[in-house]
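Working notes, beginning with the structure itself.
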Amino acid sequence: MKVELFYSPGCPECAAAQERLRAAAEEAVRDIEWREVSAVEQLDYAVQLGVLTLPSIVIDGELVFTSMPSPEQLRDALLERCVGRS
Amino acid sequence: MNLEVNVLTIGKLASLTRVSNDTLRYYEHEGLLEPAGKSPAGYRLYDDASARRIRFIKHAQQCGFTLAQIRELLVLRSRDATCCGDVRKRAIEKKLQIESKINAMKAMSKALDQLIAECADEKQPVRECAIIAALERANMGARVQRR
């Protein structure tokens, strides 16, 4: 499962929460591919995925969070997708 | 109100900043601008800071920010705890939104190209117009999808 966190470089809110979210994601799902994507450096890619606000989280190509979720919310979203797959 | 500063009536502020009196009143209604004070007769009075604020609003509008977003920027501007990253984040979000709109407009333009190309004979009666027919087909498709 691929999780992409789009962030604004220099955003204090993002930097503080990214590590917690990553840890929650890796704990919830074994085969997680975690990417932190700068919306400035990959603007076209962000637009292509429908990212309009920052931070945003895309899971397997689908825009799921348009603001920073709590680690619990992210974990629940990932587990829901795991159940959907099986 | 400090009388040392340049005192401006609404008309003077309007002509200085090249916006109408109605626009200034609208900005006030939307919480973007407040008079610095009132004259004894009750007329709104402004100062140089008001003019700077109007210029800020106009520049932000030129960059695509809505009045609601400009209000947020003005709040950020006045907050000591704000850092440049907070403002930059909003600028990046605005850029994302503009690029997204450009993509949508390009898709519309492409769809129009196709319709224009389909209408090869412009002398045909309207009931045989390929553009009208294509738009009707699109409508039917939408109706089917809604069911």
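The structure displayed is predicted, hence computed values, not measured ones. Proteins get letters first, then strands, A, B, ... in listed order; numbering begins at 1 in each.
The hydrophobic cluster containing B/V75 does not contain B/I54, counting ILVMFWY residues as joined when their side-chain heavy atoms lie under 4.5 angstrom apart, directly or transitively.
Minimum heavy-atom separation, A/S8 to B/I92: OG-CD1, 3.4 Å. The minimum heavy-atom distance linking B/K95 with A/L43 is given by the pair CG-CD1, 3.6 Å. Nearest approach of A/P9 to B/R88, heavy atoms of both residues: O-NH1, 3.4 Å.
For B/Q114, the CD atom is loosely surrounded, since the number of other residues' heavy atoms within 6.0 Å does not exceed 12. Taking a 6.0 Å sphere around CD of A/E41, one finds it holds 12 or fewer heavy atoms contributed by other residues, nucleotides or ligands. Within 6.0 Å of the NZ atom in B/K12, the count of heavy atoms belonging to other residues, nucleotides or ligands does not exceed 12. Dense packing is recorded around CD of B/E28, with more than 12 heavy atoms of other residues, nucleotides or ligands lying under 6.0 Å away.
Here the side chains of B/L96 and A/L54 are in contact, with some heavy-atom distance below 4.5 Å.
For the pair B/E93 (side chain) and A/T53 (backbone), a donor-acceptor distance under 3.5 Å is absent.
With values rounded to the nearest 0.5 angstrom, B/E99 atom CD is found 11.5 Å from A/L52 atom CG.
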